[in-house]
Structures are given as C-alpha cells and as structure tokens.
Amino acid sequence: MSKEIESMIECPFYIKEGKKFISCEGLLDNTSTVQQFETDLFKKSHQYNFCCVNGGKKCPHYRNIALLYDRGERS
C-alpha cells in the first residue's frame with residue numbers, strides 16, 4: 001500500500017484504487033468488483049466516508065459481501 005489513503009483503509013474487502021475507481025472483493029467467488037466514480041473527488045469522499053470508517057461496515061458493498069460470510073457461503 002504505497003498511497004497514503006490506502007494506509008487508512010479499514011475495510012477487509014478493499015483491494016486497490018485508481019484515479020476514479022476502487023476495486024473490492026467481488027460477490028462471486030474469485031472475482032473483484034470495481035466501483036467507478038465520476039471524479040477522483042467523489043472516489044475520495046467514498047473512501048473517507050466508508051472505506052476508512054468502522055471497518056467499512058457502512059458501505060453497501062461491504063454489507064453484501066459480509067452477508068455471504070455470515071451465511072457461510074464464503075470462507
């Protein structure tokens with residue numbers, strides 16, 4: 001994690017980020033999901049408000065992935 005924001009990310013499903021996207025663990029096994037943002041500012045806002053707070057638990061995508069683990073559908 002070379003970028004400063006990545007050192008602050010708490011979400012266990014976060015993989016990486018780019019100029020206007022965030023890549024996270026996907027809903028399907030062995031996949032990733034890319035969240036595309038209109039601007040880098042929108043992406044950073046999402047990171048600071050979701051990825052970096054409370055382990056990412058407020059993020060809608062986090063909740064979907066966590067549900068798979070809670071149900072035993074993912075290990």
Side-chain angles (χ1 to χ4, degrees):
M1 290 190 195
S2 59
K3 298 178 184 176
E4 183 179 335
I5 187 68
E6 290 185 325
S7 68
M8 298 167 42
I9 303 254
E10 298 178 3
C11 182
F13 308 126
Y14 173 89
I15 297 173
K16 67 180 181 178
E17 62 133 13
K19 180 91 174 138
K20 295 191 282 185
F21 75 88
I22 300 170
S23 179
C24 306
E25 182 176 329
L27 286 170
L28 303 175
D29 287 339
N30 304 308
T31 65
S32 61
T33 297
V34 175
Q35 309 294 329
Q36 290 283 140
F37 297 87
E38 272 188 42
T39 67
D40 186 49
L41 187 60
F42 288 153
K43 180 201 70 174
K44 287 179 181 177
S45 175
H46 179 86
Q47 287 175 306
Y48 285 113
N49 291 308
F50 294 98
C51 306
C52 296
V53 179
N54 195 26
K57 294 178 182 173
K58 291 174 60 178
C59 177
H61 186 71
Y62 171 98
R63 291 194 300 265
N64 288 321
I65 300 295
L67 189 58
L68 294 174
Y69 284 96
D70 291 344
R71 291 180 177 167
E73 297 174 23
R74 182 84 54 91
S75 54

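Numbering of residues begins at 1 and proceeds along the displayed sequence.
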Quick one: pull up CD in E17 and NZ in K44 and give me the separation to the nearest 0.5 Å.
8.0 Å
Residue pairs involving residues 18-43 (criterion ring pair (Phe, Tyr, Trp, His ring centres under 6.0 Å); sequence neighbours excluded):
F37-H46
Please go through I15's hydrophobic cluster and name the other residues, only I, L, V, M, F, W, Y counting, with side-chain heavy atoms under 4.5 Å joining them.
none
What distance do D29 atom CG and S75 atom OG have between them, rounded to the nearest 0.5 Å?
8.0 Å
In the hydrophobic clustering (ILVMFWY, side-chain contacts below 4.5 Å, transitive), which residues join L28, or is it alone?
none
Heavy-atom nearest pair, K19 first then K43, reads O-NZ, 3.6 Å
Do C52 and I5 make a side-chain contact, defined as non-hydrogen atoms from C-beta onward lying under 4.5 Å apart?
yes
Residue pairs passing the side chain to side chain donor-acceptor pair (under 3.5 Å) test where at least one lies in residues 55-73, sequence neighbours excluded:
E25-Y69
Which value, rounded to the nearest 0.5 Å, describes the distance between C59 atom SG and Q35 atom CD?
6.5 Å
Hey, are the side chains of L27 and I65 touching, using non-hydrogen atoms and a 4.5 Å cut-off?
yes
By salt bridge (charged side-chain N to carboxylate O under 4.0 Å, His left out) - contacts of K16 (at least two apart):
none
Counting only heavy atoms not in Q36, do more than 12 sit closer than 6.0 Å to its CD atom?
yes
Under the 3.5 angstrom rule, does the side chain of E10 hit a backbone N or O of G56 as a donor-acceptor pair?
no
According to side chain to side chain donor-acceptor pair (under 3.5 Å), who are the partners of S45, at least two apart in sequence or on a separate chain?
N49
